[in-house]
Structures are given as C-alpha cells and as structure tokens.
Participant: 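Quick one: this structure, given as structure tokens, is what I'll be asking you about.
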Amino acid sequence: MQPTSTVERPEAPPEANSRTFARAIADVREGWQNRELWGHLGWQDIKQRYRRSVIGPLWITISMGTTALALGLLYSQLFNQEINTFLPYITAGFVVWNFLVGCVTEGTDVFIANEGLIKHLPAPISVHVLRLVWRQVLFFAHNLVVYAVVVAIFFGDLNQPYQMQDDPVTHPGLSWAILLAIPAFALLAVNAVWVALLFGIISTRFRDIPPVIHSFINLIFFMTPIVWHTGILHKVGADGDWRMLIAELNPLYHFLEIVRAPMLGHQQSWHHWAVVGGFTVLGWALALLAMRNYRARVSYWV
C-alpha cells in the first residue's frame, strides 16, 4: 500500500491592518506630497466663489476693511480708546481671528463637504484638510492688505513706544520683531491642520457637532480680546487678576496673540508661545489617534 502524499497548504497572507500610526502618518505625508492637487483646488475654490464678480476676491478685502473700520470706530468710543492705536489693534485681531475661526468652523465640515471627491478620488483624506487650510491662507493674504493700509496710516503712532488706553504696559512699537509674525502664523497653520483633521472626523460621525461648534464660536468671540484689550480687565477693580484668568483660559487668545503682538509692535509674552506649543503637541497626538482608528471609516460616514 503506497503512502499517501500530503500537500502542504500555503500559509494565509497576514491580514492587512490599517489601524496603525504608521498608516495615519503616511496619510498626512502623502497628502503633503500632493501639494499641486490641493493647491490647485484651494485656489479654484476662491475663483469659483467669486465667479462673474467684477472685482472678484477683492470683496474679501473690502469686507474685512468695512468690518474693522466700523467696529474700530464704535468700540473706540464705547471704551474711550484712542483711534490711532485702537483701530490697528482691532484690524490685526480680526485678520488673525478670521483665519482661526475659518479653519475651525469649516474644518468640522471638511469631509462632509467633500463627499463626492472622497468617494471617487483615490487620495489621502488629509488632502481635503490641506486644501481647506490653503484656502484660508489665501483669505488671510487678502485681508493683510487692510492691515497694511491701516498700519501705513498710523505708522507714526505705532513706530514708537506707546500705551493703549487703560493698559499699564508700554509697548516698544514696530520694529524688526514684526518678522516673528511669520513663524507664528506658520505655527497657526500647523495647528489648523490637526484641528480640521480631528474635528472633521468627529463631525463626520456625529453630525450635531458642526452646529454646536458654530454656536460656541460666537460666544468665544466676545470672550477673546479682539474688540477689547486685556488692560480693561485691570481697570474694572482690584480683582482684575481673576478676570484676567478668563482670557488666559481661552486657548484662542494665545493663538491670536502670538501673531498679533509682533504685527502691532506689542511687548512679547513668551508664555503664549509655550501654551501654543503645548496645544500643538497634544492636538497632533489626538489627531493622529483619530486618524489611526477612524481614517478608513470616513468614506463610509460621509
């Protein structure tokens, strides 16, 4: 009786596991490498928004200029502020705030708004986030025109040591320290990416998050020193220290200040940079964790 031959079965291939930090980091890296794609899409978003308009994207600048001028004149009277230093303060604050709030609010809808591309375009999901941040950078560049005009008008008052009304701090005035606004804004853009990734994934799964964020942002606006400055908190009484805590506990205040302070020649407070640096590390850790666990499910949730 001949011995029966046994046929060895090939080993089953290992199951692919997409829930790894390596895959999450690779998604962000591949998204960055597709700069031509998201750069073109972001620019087309602006052109499409102002298609058939006579002056096109200049409406962004006009809208910012009108808002800054109106609120600057109004709140300078309400808070008894000198317009030559208060109007640049409000203008710079609004320019940076619009970038911050645009990245947060549109970040919650970033994957929902790109449902068609996500389902039909084989690209990393980080491409859509980078497209959003790039679009907001272009808006920021348009708004900088208003800031440049206002600074040019009041350059004589800002180019020397000055004080804001009711502010005990004497600011050194405009100098080469204004260049610190460049790395500060780059840090804002890096944070904008993780914010849009994290909130975009959460909002795609739970559709109640975007309206909650939109409503909450309106409250945060009035709690952030944009149309008022922190010196006013010390004017209201001896308990100004605990009132100042209200501003310090607001994360957007620190993100705003690292860019606005050098733009206006204000005295630098390096604890703002420390707070923003801490949020950068923590935020990216949370975003990569969300990417690791739920990146593959985004296309099913949209």
Participant: Any side-chain to backbone donor/acceptor pair from Arg297 onto Tyr294? Under 3.5 Å, distance only.
Facilitator: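 No; zero donor-acceptor contacts below 3.5 Å.
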Participant: Closest approach of Ile125 and Val298, non-hydrogen atoms and distance?
Facilitator: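 Taking Ile125 first and Val298 second, the nearest heavy atoms are CD1-CG2, 4.3 Å.
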Participant: Of all the heavy-atom pairs spanning Phe86 and Val227, show the shortest one and how long it is.
Facilitator: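 Of all heavy-atom pairs spanning Phe86 and Val227, the closest is CZ-O, 3.3 Å.
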Participant: To the nearest 0.5 Å, how far apart are CZ in Arg135 and SG in Cys103?
Facilitator: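 It is 9.5 Å, given to the nearest 0.5 Å.
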Participant: May I ask you to check whether over 12 heavy atoms, not counting those of His40, lie within 6.0 Å of atom NE2?
Facilitator: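 Counting neighbours around NE2 of His40, 12 or fewer heavy atoms of other residues, nucleotides or ligands fall under 6.0 Å, so no.
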Participant: Tell me yes or no: between the side chains of Asn250 and Thr224, is some donor less than 3.5 Å from an acceptor?
Facilitator: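 Indeed, the side chains of Asn250 and Thr224 share at least one donor-acceptor pair under 3.5 Å.
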Participant: Work out which heavy atom in Leu288 is nearest to a heavy atom in Ala24; give both atom names and the distance.
Facilitator: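 Smallest heavy-atom distance, with atoms named: O-CB, 3.9 Å.
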Participant: To the nearest 0.5 Å, what is the distance between CZ (Phe94) and OG (Ser63)?
Facilitator: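 Phe94 CZ to Ser63 OG: 10.0 Å, rounded to 0.5 Å.
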Participant: Give a yes or no on whether Val259 and Phe221 share a hydrophobic cluster (residues Ile, Leu, Val, Met, Phe, Trp, Tyr; joining criterion: side-chain heavy atoms under 4.5 Å apart).
Facilitator: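 Val259 clusters together with Phe221.
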Participant: For His120 and Gly116, indicate whether the former's side chain and the latter's backbone hold a donor-acceptor pair under 3.5 Å.
Facilitator: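 Side chain of His120 to backbone of Gly116, a donor-acceptor pair under 3.5 Å: yes, one is there.
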Participant: Are any side-chain N or O atoms of His254 and backbone N or O atoms of Trp273, one a donor and one an acceptor, separated by less than 3.5 Å?
Facilitator: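 No; zero donor-acceptor contacts below 3.5 Å.
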Participant: Could you measure the distance from the NE2 atom of His128 to the CG atom of Asn114? Nearest 0.5 Å is fine.
Facilitator: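 His128 NE2 to Asn114 CG: 5.5 Å, rounded to 0.5 Å.
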Participant: Taking Tyr147 for the side chain and Met263 for the main chain, is one N or O donor matched with an acceptor at less than 3.5 Å?
Facilitator: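 Yes; judged by distance alone, with no hydrogens or angles, the pair exists.
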Participant: Start with the C-alpha distance between Phe140 and Asn98, add both sets of side-chain angles, then the distance that settles side-chain contact (heavy atoms from CB on, under 4.5 Å), and finish with yes or no.
Facilitator: CA-CA 8 Å; Phe140 180 83; Asn98 276 7; over 6 Å; no
Participant: So which heavy atom on Gly102 is nearest to which on Leu132, and how close?
Facilitator: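 Closest pair (atom of Gly102, atom of Leu132, distance): O-CD1, 4.5 Å.
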Participant: Please say yes or no: joined through hydrophobic side-chain contacts below 4.5 Å, possibly via intermediate residues, are Leu117 and Tyr300 part of one cluster?
Facilitator: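 As far as the 4.5 Å side-chain criterion goes, Tyr300 and Leu117 are not connected within one cluster.
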Participant: Find out if a path of hydrophobic residues (ILVMFWY) with successive side-chain heavy-atom gaps under 4.5 Å connects Phe206 to Ile213.
Facilitator: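 Result: yes, single cluster for both.
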Participant: Less than 4.5 Å apart, side chain to side chain, heavy atoms only: is that true for Lys119 and Val302?
Facilitator: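 When only atoms from C-beta onward are counted, Val302 and Lys119 do touch, with a gap below 4.5 Å.
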Participant: Is there a side-chain contact between Glu248 and His271, using heavy atoms and a 4.5 Å cut-off?
Facilitator: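 Glu248 vs His271: side chains touch.
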Participant: Which atom pairs, one a donor and one an acceptor, fall under 3.5 Å between side chains of residues 183-201 and the rest of the protein, sequence neighbours left out?
Facilitator:
from, atom 1, to, atom 2, distance (Å)
Asn191, OD1, Trp194, NE1, 2.8
Asn191, OD1, Thr280, OG1, 3.1
Asn191, ND2, Leu187, O, 2.8
Asn191, ND2, Thr280, OG1, 2.8
Trp194, NE1, Asn191, O, 3.4

Participant: Answer yes or no: is there a side-chain heavy-atom contact under 4.5 Å between Leu100 and Val104?
Facilitator: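 No. Closest side-chain heavy atoms not under 4.5 Å.
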Participant: Determine whether His272 and Tyr253 satisfy the following criterion, ring pair (Phe, Tyr, Trp, His ring centres under 6.0 Å), listing intermediate values before the conclusion.
Facilitator: CA-CA 8 Å; His272 297 303; Tyr253 167 55; 5.1 Å; yes
Participant: Is there side-chain contact between Pro172 and Pro161, with at least one heavy-atom pair below 4.5 Å?
Facilitator: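 The answer is no, as the side chains (C-beta and beyond) never meet within the 4.5 Å cut-off.
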Participant: Please say yes or no: joined through hydrophobic side-chain contacts below 4.5 Å, possibly via intermediate residues, are Ile226 and Leu74 part of one cluster?
Facilitator: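 Result: yes, single cluster for both.
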Participant: For the CG atom of Leu264 and the CD1 atom of Ile90, what is their distance to the nearest 0.5 Å?
Facilitator: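 Answer for the CG-CD1 pair, Leu264 versus Ile90, is 11.0 Å.
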Participant: Show the numbers, then the answer: is there a side-chain contact (heavy atoms from CB on, under 4.5 Å) between Leu252 and Trp97?
Facilitator: CA-CA 9 Å; Leu252 292 182; Trp97 173 261; 3.5 Å; yes
Participant: Mind checking what makes salt bridge (Lys or Arg N to Asp or Glu O under 4.0 Å) contact with Asp109, not counting sequence neighbours?
Facilitator: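 Residues passing salt bridge (Lys or Arg N to Asp or Glu O under 4.0 Å) with Asp109: none at all.
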Participant: Following the transitive rule for hydrophobic clusters with a side-chain heavy-atom cut-off under 4.5 Å over Ile, Leu, Val, Met, Phe, Trp and Tyr, establish whether Tyr89 and Leu78 coincide in one cluster.
Facilitator: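 Tyr89 clusters together with Leu78.
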Participant: Kindly determine whether Ile112 and Arg207 satisfy side-chain contact (heavy atoms from CB on, under 4.5 Å), including the steps that lead there.
Facilitator: CA-CA 9 Å; Ile112 300 172; Arg207 299 299 176 94; 3.6 Å; yes
Participant: Using modelled atom types only, decide if a donor and an acceptor are shared between the side chain of Trp301 and the backbone of Arg205 within a distance under 3.5 Å.
Facilitator: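 Not confirmed, Trp301 side chain does not pair with Arg205 backbone.
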Participant: NZ/Lys47 to CG/Leu138 distance, rounded to the nearest 0.5 angstrom?
Facilitator: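 Rounded to the nearest 0.5 Å, the NZ-CG separation comes out at 12.0 Å.
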Participant: Can you check whether Val150 reaches Leu69 side chain to side chain, under 4.5 Å on heavy atoms?
Facilitator: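 Not in contact.
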Participant: Nearest heavy-atom pair of Thr61 and His142: which atoms, and what distance?
Facilitator: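 So the minimum-distance heavy-atom pair works out to OG1-O, 3.0 Å.
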Participant: For the residue pair Val133 and Phe99, what are the closest heavy atoms and their distance?
Facilitator: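 Distance-wise, the nearest heavy atoms are O-CE1, 4.3 Å.
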Participant: Compare all side-chain heavy atoms of Arg292 with those of Arg23 and state whether any distance is below 4.5 angstrom.
Facilitator: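 No, side chains not in contact.
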Participant: When rounded to the nearest 0.5 angstrom, what is the spacing between CD1 in Ile209 and CD1 in Ile202?
Facilitator: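 Separation between the atoms: 7.0 Å.
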Participant: Does Asn159 reach the main-chain N or O of Phe155 with its side chain, forming a donor-acceptor pair under 3.5 Å?
Facilitator: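 No, the answer is negative, given that no donor and acceptor are paired below the 3.5 Å cut-off.
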Participant: Looking at side-chain heavy atoms only, is the closest gap between Gln81 and Tyr75 below 4.5 Å?
Facilitator: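 Side chain of Gln81 against side chain of Tyr75, heavy atoms only: no contact under 4.5 Å found.
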Participant: Is there a side-chain contact (heavy atoms from CB on, under 4.5 Å) between Phe154 and Thr85? Walk through the geometry before answering.
Facilitator: CA-CA 8 Å; Phe154 299 106; Thr85 56; over 6 Å; no
Participant: Taking the six-membered ring for Trp, are His266 and His171 parallel (under 30°), tilted (30 to 60°) or perpendicular (over 60°)?
Facilitator: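 Geometry flag for His171 against His266: parallel rings.
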Participant: Ring pair (Phe, Tyr, Trp, His ring centres under 6.0 Å), that's the test. Do Phe79 and Trp228 meet it? Break it down for me.
Facilitator: CA-CA 8 Å; Phe79 296 136; Trp228 54 275; 8.1 Å; no
Participant: Could you check if a side-chain atom of Ile220 sits within less than 4.5 angstrom of a side-chain atom of Phe216, using non-hydrogen atoms only?
Facilitator: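 In short, these two side chains touch, coming nearer than 4.5 Å.
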